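What follows is one structure encoded as structure tokens, with my remarks underneath.
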Amino acid sequence: MILLKKIYIIRHCEAEGQPAEAQLTDRGFKQALEVSEFFSEIKIDRIISSPYKRAIQSIQPLAEQLNLKIEIDRKLTERVLSSENLSDWLEKLKTTFEDIELKFEGGESSKEAMKRIVEVVEEVFNGEFENTIIVTHGNLMSLLLKYYNGNFGFDDWKNLSNPDIYLLRNTDNKVFFERLWKHN
């Protein structure tokens with residue numbers, strides 16, 4: 001019997017900011033409960049999260065409800081575009097969707113960031129668990145989706161919500177994804 005593995009990719013709920021220790025807003029904590037409710041009828045075997053506080057807090061209610069340990073994976077941290085404060089960061093980010101090798105001072109290229117999250121996803125697809133949740137960040141999530149569908153680009157990234165949920169399925173060694181939930 002072939003197991004049809006499913007990976008639910010979740011972008012964290014609304015947060016107070018970008019630093020690793022930034023936590024969820026009051027609205028974000030409510031959203032985390034909505035995420036937990038969303039998964040109430042779905043079997044989940046494993047939860048892997050970015051070490052950032054906002055990612056962990058986004059999935060905490062569900063982990064507690066399911067009595068599952070949240071595994072932390074540093075490969076799921078948000079991509080650093082640059083160590084410098086770029087006033088035109090949005091324009092620069094857009095360029096990195098077109099040229100995935102492009103790298104700014106102190107940052108990582110789209111290709112490098114993509115490689116990190118793809119490693120996590122491939123490890124899950126090759127692992128024993130059937131239904132896994134991965135909690136990460138917008139830019140990294142969009143690069144993962146771009147990896148499996150080259151048409152996923154900057155505008156799709158801009159269209160992501162906090163939180164957002166996509167389902168990845170591996171069928172005949174081809175990965176398909178669909179958006180399950182966009183938060184309003």
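These numbers come from a predicted model, not from an experiment.
- In this structure, the side chains of Ser161 and Asp164 come closer than 4.5 Å at one or more pairs of heavy atoms.
- A distance of 9.5 Å separates CE in Met114 from CG in Leu145, rounded to the nearest 0.5 Å.
- A donor-acceptor contact shorter than 3.5 Å links the side chain of Arg54 to the backbone of Gln18.
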Worksheet item: Hey, mind stepping through Phe104 and Glu84 against side-chain contact (heavy atoms from CB on, under 4.5 Å) and telling me if it holds?
Response: CA-CA 9 Å; Phe104 297 105; Glu84 294 177 356; over 6 Å; no
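- Counting heavy atoms from C-beta outward, Phe129 and Ile44 have side chains that stay 4.5 Å or more apart.
- Under the 4.5 Å side-chain contact rule for hydrophobic residues, Leu68 and Ile70 share a cluster.
- Using a 4.0 Å cut-off between charged side-chain N and carboxylate O, Glu98 and Lys94 make no salt bridge.
- Residues Ile10 and Ile133 meet the side-chain proximity criterion, which asks for heavy atoms closer than 4.5 Å.
- When all heavy atoms of Val121 and Ile9 are compared, the closest pair comes out as CG2-CD1, 4.3 Å.
- Checked by atom type and distance alone, the side chain of Ser110 pairs as donor or acceptor with a backbone atom of Thr96 at under 3.5 Å.
- Checking each of Lys30, Glu14, Glu16, Gln31 against Thr25 for a side-chain hydrogen bond (donor to acceptor under 3.5 Å, both in side chains) leaves exactly one that passes, namely Glu14.
- In this structure, the ring of Phe39 has its center less than 6.0 angstrom from the ring center of Tyr8.
- Residues Leu86 and Leu81 form a side-chain contact, since some pair of their non-hydrogen atoms from C-beta on lies under 4.5 Å apart.
- Residue-environment remark: NZ (Lys43) exceeds the threshold of 12 foreign heavy atoms within 6.0 Å.
- Put simply, Leu93 and Leu102 are part of the same group of oily side chains (I, L, V, M, F, W, Y) that touch within less than 4.5 Å, one to the next.
- When atom types are taken as modelled, the side chain of Asn149 and the backbone of Lys146 share no donor-acceptor pair closer than 3.5 angstrom.
- Between Phe152 and Phe177 there is a side-chain heavy-atom pair separated by less than 4.5 Å.
- What you find for Leu143 and Ala113 is that their closest heavy atoms are CD1-CB, 3.7 Å.
- A salt bridge does not link Glu108 to Lys103: none of the charged side-chain nitrogens sits closer than 4.0 Å to a carboxylate oxygen.
- The environment of Glu37 atom CD is sparse: at most 12 non-hydrogen atoms of other residues, nucleotides or ligands sit within 6.0 angstrom.
- How far OG of Ser49 is from CD1 of Ile134: 10.0 Å, rounded to the nearest 0.5 Å.
- Taking OG1 of Thr136 as the reference point, atom CG of Leu76 lies at 5.0 Å (rounded to 0.5 Å).
- In this structure, Leu168 is not a member of the same hydrophobic cluster as Phe38, with clusters built from ILVMFWY side-chain heavy atoms closer than 4.5 Å.
- Side chain to side chain, Arg74 and Ser50 fail the donor-acceptor criterion of an N or O pair below 3.5 Å.
- In this structure a side-chain-to-backbone donor-acceptor pair under 3.5 Å is present from Ser83 to Glu105.
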Discussion item. Working note: Lys158 + Asp155, criterion side-chain contact (heavy atoms from CB on, under 4.5 Å); need CA distance, chi angles, decisive distance, verdict.
Written reply: CA-CA 5 Å; Lys158 280 196 349 194; Asp155 290 333; 4.3 Å; yes
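- Although no hydrogens or angles enter the test, the distance criterion places no donor-acceptor pair under 3.5 Å between the side chain of Ser40 and the main chain of Ser36.
- Asp45 contributes no side-chain N or O that, together with a main-chain N or O of Thr132, makes up a donor-acceptor pair within less than 3.5 Å.
- Of all non-hydrogen atoms in Ser142 and Leu160, the two that sit nearest each other are CB-CD1, 4.3 Å.
- Residues Leu33 and Pro61 share a closest heavy-atom pair of CD2-CB, 3.9 Å.
- When every heavy atom of Pro51 is checked against every heavy atom of Ile72, the shortest pair comes out as CB-CG2, 3.5 Å.
- Between Lys75 and Glu119 there is a salt bridge, with a side-chain nitrogen of the basic residue lying less than 4.0 Å from a carboxylate oxygen of the acidic one.
- Distance CD1/Ile7 to CD/Glu130: 12.0 Å, rounded to 0.5 Å.
- Scanning all heavy atoms of the two residues, the minimum distance from Gly28 to Cys13 falls at O-CB, 3.5 Å.
- Glu101 and Lys111 are joined by a salt bridge, as a carboxylate oxygen and a charged side-chain nitrogen come within less than 4.0 angstrom of each other.
- The local environment of CG in Asn126 is crowded, with over 12 non-hydrogen atoms from other residues, nucleotides or ligands closer than 6.0 Å.
- At least one side-chain heavy atom of Phe125 sits less than 4.5 Å from a side-chain heavy atom of Val175.
- No side-chain heavy atom of Ile117 sits under 4.5 Å from any side-chain heavy atom of Tyr147.
- Cluster membership for Ile165 and Leu24, using ILVMFWY side-chain heavy atoms within less than 4.5 angstrom, is not shared.
- A donor-acceptor contact shorter than 3.5 Å is absent between the side chain of Arg169 and the backbone of Lys5.
- Between Trp157 and Phe97, the ring planes lie tilted relative to each other; the angle falls in the 30° to 60° range.
- In this structure, the separation between CD on Gln60 and CD on Gln65 is 12.5 Å, given to the nearest 0.5 Å.
- In Lys115, the NZ atom is not crowded: 12 or fewer heavy atoms of neighbouring residues, nucleotides or ligands sit closer than 6.0 Å.
- No single ILVMFWY cluster, assembled from side-chain heavy atoms under 4.5 Å apart, contains both Leu167 and Val124.
- Side-chain N or O atoms of Arg116 include one that pairs as donor or acceptor with a backbone N or O of Thr77 at under 3.5 Å.
- The aromatic ring centroids of His137 and Tyr52 lie less than 6.0 Å from each other.
- The closest side-chain heavy-atom distance from Asn170 to Lys6 is not below 4.5 Å.
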